[in-house]
Participant: 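Structure in structure tokens, see below.
All residue numbers in this chain count up from 1 along the given sequence.
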Amino acid sequence: MKKILVTGGAGFLGSHLCEKLLQQNGDVMCLDNYFTGSKSNIVHLLNRPYFESIRHDVTSPISLEVDEIYNLACPASPVHYQFDPVQTTKTSVLGAINMLGLAKRTGAKILQASTSEVYGDPEVHPQVEGYFGSVNPVGIRACYDEGKRCAETLFFDYYRQHAVPIKVARIFNTYGPRMHPNDGRVVSNFIVRALRGLPIEIYGDGNQTRSFCYVDDLVDGLVKLMATDQDCTGPINLGNPVEFTMIELAKLIISMTNSKSLLVFKPLPQDDPARRRPCIGMAREKLDWSPRISLENGLDKTISYFFNLLKNDE
């Protein structure tokens with residue numbers, strides 16, 4: 001039985017990944033400092049015999065015996081990663097160094113959850129893995145964007161210098177149950193405000209685009225990437241290649257929730273990308289992977305989750 005470490009395992013994405021790995025008979029260690037993760041995301045797993053929860057911050061080294069490492073630890077929404085930008089950069093950079101050191105010592109395969117944010121406000125559309133990006137290194141998003149870019153550098157240097165078996169996934173917008181209701185990400189923000197009947201805030205003219213991948217599809221892609229042979233390092237884009245404007249998304253959510261929310265327009269934040277859509281040709285070729293769950297079906301599951309969450313909080 002493989003011993004698998006998931007850093008950030010109590011977060012939105014990490015908790016779904018832990019579930020998937022347990023279904024595949026893994027011996028799973030969930031490591032989280034609970035800055036954005038929550039015990040409520042993993043409480044249903046705590047009585048499983050091959051699941052273990054460890055409170056720890058990846059900016060400090062840890063000694064464990066593992067066969068595989070999924071390094072997901074890092075605040076992923078602007079609200080959270082801009083709250084303490086220095087710590088965000090430390091989490092990406094020191095976290096990568098510490099997890100790569102653990103992989104080097106144990107001989108474990110290690111996967112880095114990178115991000116489409118490494119492309120910045122892209123000049124190439126859709127984004128391909130060979131595009132180096134257009135990132136502002138001194139902007140308010142740089143703590144996350146550049147932290148993740150540096151983590152990728154470290155992964156490939158450990159691969160070249162120490163032959164550590166690495167995988168790098170560039171994750172595009174992902175959504176689903178267990179998203180934090182106040183994380184400021186567009187899907188959770190729109191759904192929560194629609195369910196509460198509050199105005200839905202659109203930044204800029206609302207014609208900027210994103211591509212939305214349901215969490216089950218994304219987790220499937222991560223597991224498939226980890227299972228590839230040593231020559232398949234990535235980086236590989238994982239995301240949904242279907243593109244939506246913010247106005248289209250808002251109107252769809254208002255319709256699906258039967259909400260009376262109105263749209264209000266606000267200034268566009270600094271360095272907010274105008275377009276974001278992955279080219280997933282490499283994922284199709286190397287992993288035989290592409291998203292299967294439509295936006296409507298994924299939103300239906302996500303809206304149900306937030307409806308119950310908000311009802312229980314009343």
Participant: Using modelled atom types only, decide if a donor and an acceptor are shared between the side chain of Trp289 and the backbone of Asp217 within a distance under 3.5 Å.
Facilitator: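 Looks like yes, one N/O pair under 3.5 Å.
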Participant: Check whether the side chains of Glu243 and Ser211 place a donor and an acceptor atom closer than 3.5 Å, and report yes or no.
Facilitator: no
Participant: Taking a hydrophobic cluster as the set of Ile, Leu, Val, Met, Phe, Trp and Tyr residues connected by side-chain heavy atoms closer than 4.5 Å, whether directly or through intermediates, do Leu13 and Leu45 fall within one such cluster?
Facilitator: yes
Participant: Parallel, tilted or perpendicular: which fits the ring planes of Phe156 and Tyr159, with parallel below 30° and perpendicular above 60°?
Facilitator: perpendicular
Participant: Tell me whether Gln208 contacts the main-chain N or O of Tyr203 through its side chain, where contact means a donor paired with an acceptor under 3.5 Å.
Facilitator: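 Confirmed, Gln208 side chain pairs with Tyr203 backbone.
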Participant: If only atom types and distance count, is the side chain of Ser60 paired as donor or acceptor with the main-chain N or O of His56 below 3.5 Å?
Facilitator: no
Participant: Do the charged groups of Glu152 and Arg149 touch, with an N to O distance under 4.0 Å?
Facilitator: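 Not counted as a salt bridge, because no side-chain N and carboxylate O are separated by less than 4.0 Å.
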Participant: Is a donor on one side and an acceptor on the other found under 3.5 Å between the side chain of Glu129 and the backbone of Asn237?
Facilitator: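 Yes; at least one donor-acceptor contact below 3.5 Å.
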Participant: Would you say the side-chain atoms of Lys167 and Thr228 include a donor-acceptor pair closer than 3.5 Å?
Facilitator: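 Distance-only check passes for Lys167 and Thr228.
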Participant: Flag the pair Arg193 / Glu201 as yes when at least one side-chain heavy-atom distance between them is below 4.5 Å, and no otherwise.
Facilitator: yes
Participant: Out of curiosity, does Val128 fall in the hydrophobic cluster containing Val118 (side-chain heavy atoms, cut-off under 4.5 Å, transitive links)?
Facilitator: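 Yes, one cluster joins them.
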Participant: With a 4.5 Å limit on heavy-atom distance, are the side chains of Ile54 and Met29 in contact?
Facilitator: yes
Participant: Verify, without hydrogens or angle tests, whether Arg275 (side chain) and Arg210 (backbone) share a donor-acceptor contact under 3.5 angstrom.
Facilitator: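 No, the answer is negative, given that no donor and acceptor are paired below the 3.5 Å cut-off.
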Participant: State the CD1-CD1 distance between Ile69 and Ile166, to the nearest 0.5 angstrom.
Facilitator: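 Reported value, rounded in 0.5 Å steps: 12.5 Å.
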Participant: Counting heavy atoms not belonging to Lys224, are there more than 12 under 6.0 Å from its NZ?
Facilitator: yes
Participant: Taking the side chain as every heavy atom from C-beta outward, state whether His180 and Phe12 have any atom pair closer than 4.5 Å.
Facilitator: no
Participant: Does any non-hydrogen side-chain atom of Val223 lie less than 4.5 Å from one of Leu21?
Facilitator: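 Sidechains of Val223 and Leu21: in contact.
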Participant: Is Asp27 reaching over with its side chain to a backbone N or O of Met1, donor-acceptor style, under 3.5 angstrom?
Facilitator: no
Participant: With no hydrogens and no angle check, is any side-chain donor or acceptor of Asn308 less than 3.5 Å from a backbone partner on Ser304?
Facilitator: yes
Participant: Tell me if a side-chain donor or acceptor on Asp145 pairs with a main-chain N or O of Pro137 at a distance below 3.5 Å.
Facilitator: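 It does not hold such a pair.
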Participant: Hey, does the side chain of Thr91 reach the backbone of Gln87 with a donor-acceptor pair shorter than 3.5 angstrom?
Facilitator: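 Yes.
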Participant: Can you tell whether the side chains of Arg141 and Glu117 come within less than 4.0 Å, N to carboxylate O?
Facilitator: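 Yes, Arg141 and Glu117 are salt-bridged.
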Participant: Please find the pair of heavy atoms, one from Ile42 and one from Ala10, that lie closest to each other, and give the distance.
Facilitator: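 Reported closest heavy-atom pair: CG2-CA, 3.9 Å.
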Participant: Are any non-hydrogen side-chain atoms of Val168 and Ile236 less than 4.5 angstrom apart?
Facilitator: no
Participant: Between Leu249 and Val186, is any pair of side-chain heavy atoms under 4.5 Å apart?
Facilitator: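 They are in side-chain contact.
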Participant: Count the heavy atoms of every other residue, nucleotide or ligand shown that sit under 6.0 Å from CZ of Phe307, and state whether that count exceeds 12.
Facilitator: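 No, because the 6.0 Å sphere around CZ of Phe307 holds 12 heavy atoms or fewer from other groups.
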Participant: Identify the residue among Leu72, Val215, Leu111, Asp220 that makes a side-chain contact (heavy atoms from CB on, under 4.5 Å) with Leu17.
Facilitator: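 With Leu17 as partner, Leu72, Val215, Leu111, Asp220 yield a single side-chain contact (heavy atoms from CB on, under 4.5 Å), made by Leu72.
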Participant: Are there over 12 heavy-atom neighbours, none belonging to Asp288, within less than 6.0 Å of that residue's CG?
Facilitator: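 Atom CG in Asp288 is not crowded, with 12 or fewer foreign heavy atoms closer than 6.0 Å.
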Participant: Quick check on Tyr50: does its OH atom have over 12 non-hydrogen neighbours (other residues, nucleotides or ligands) under 6.0 Å away?
Facilitator: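 Open.
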Participant: Just wondering, are more than 12 heavy atoms of other shown residues or ligands nearer than 6.0 Å to CZ in Arg292?
Facilitator: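 No, not enclosed.
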Participant: Is Tyr175 close to Met179 at the side-chain level, that is, under 4.5 Å between some pair of heavy atoms?
Facilitator: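 The answer is yes; the side chains approach within 4.5 Å.
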Participant: Would Leu5 and Met226 show up in the same hydrophobic cluster when neighbours are defined by side-chain heavy atoms closer than 4.5 Å?
Facilitator: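 No, no single cluster joins them.
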Participant: Taking a hydrophobic cluster as the set of Ile, Leu, Val, Met, Phe, Trp and Tyr residues connected by side-chain heavy atoms closer than 4.5 Å, whether directly or through intermediates, do Leu218 and Val242 fall within one such cluster?
Facilitator: yes
Participant: Mind telling me whether Phe212 and Phe244 have parallel, tilted or perpendicular rings, with 30° and 60° as the class edges?
Facilitator: tilted
Participant: Rounded to the nearest 0.5 Å, how far does CG of Leu102 lie from CD1 of Ile110?
Facilitator: 7.5 Å
Participant: Taking atom CD1 of Ile191 and atom CZ of Arg185, what is their separation to the nearest 0.5 Å?
Facilitator: 12.0 Å
Participant: I need the Glu65 CD to Thr106 OG1 distance, nearest 0.5 Å.
Facilitator: 7.0 Å
Participant: Would you kindly say whether Arg276 and Tyr119 are connected by a side-chain donor-acceptor distance under 3.5 Å?
Facilitator: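 Note: Arg276 and Tyr119 side chains miss the donor-acceptor criterion.
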Participant: Taking atom types as modelled, find out whether Ser188 and Asp183 have a side-chain donor-acceptor pair closer than 3.5 angstrom.
Facilitator: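 There is such a pair between these side chains.
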Participant: State, to 0.1 Å, how close Leu225 and Cys232 come at their nearest heavy-atom pair, and which atoms those are.
Facilitator: CD1-SG, 4.2 Å
Participant: Can you name the nearest heavy-atom pair linking Val138 to Ala142, along with the distance?
Facilitator: N-CB, 4.1 Å
Participant: Identify the heavy atoms of Ala194 and Ser259 that sit nearest to each other, and give their distance.
Facilitator: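 The answer is O-OG, 2.8 Å.
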Participant: Treat each ILVMFWY residue as a node, draw an edge where side-chain heavy atoms are under 4.5 Å apart, and state whether Ile140 and Tyr144 are in one component.
Facilitator: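 Hydrophobic grouping puts Ile140 apart from Tyr144.
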Participant: Crowded around Glu296 CD? As in, over 12 foreign heavy atoms under 6.0 Å?
Facilitator: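 Atom CD in Glu296 is crowded, with more than 12 foreign heavy atoms closer than 6.0 Å.
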Participant: Under a 4.5 Å cut-off applied to non-hydrogen side-chain atoms, are Pro75 and Phe83 in contact?
Facilitator: no
Participant: Measure the NE2-CG distance between His162 and Asp157 for me, rounded to the nearest 0.5 Å.
Facilitator: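 The CG atom of Asp157 is 8.5 Å from NE2 of His162, to the nearest 0.5 Å.
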Participant: Could you check whether Thr245 and Asn207, counting side-chain N and O atoms only, form a donor-acceptor pair closer than 3.5 Å?
Facilitator: no
Participant: Can Leu252 and Leu295 be said to form a side-chain contact (heavy atoms from CB on, under 4.5 Å), step by step?
Facilitator: CA-CA 10 Å; Leu252 178 58; Leu295 180 62; 3.8 Å; yes
Participant: Measure the spacing between SG of Cys30 and CD1 of Ile4 and express it to the nearest 0.5 Å.
Facilitator: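 So the SG of Cys30 and the CD1 of Ile4 are separated by 13.0 Å.
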Participant: Indicate whether the side chain of Arg178 and that of Ser15 have a donor and an acceptor atom separated by less than 3.5 Å.
Facilitator: yes
Participant: Work out which heavy atom in Ile254 is nearest to a heavy atom in Ser261; give both atom names and the distance.
Facilitator: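 Smallest heavy-atom distance, with atoms named: CD1-O, 3.6 Å.
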Participant: Is the count of non-hydrogen atoms from other residues, nucleotides or ligands lying under 6.0 Å from Tyr34 atom OH greater than 12?
Facilitator: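 More than 12 heavy atoms, drawn from other residues, nucleotides or ligands, come within 6.0 Å of this atom.
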Participant: Work out which heavy atom in Asp121 is nearest to a heavy atom in Ala274; give both atom names and the distance.
Facilitator: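 Shortest heavy-atom separation between Asp121 and Ala274 comes out as OD1-N, 3.0 Å.
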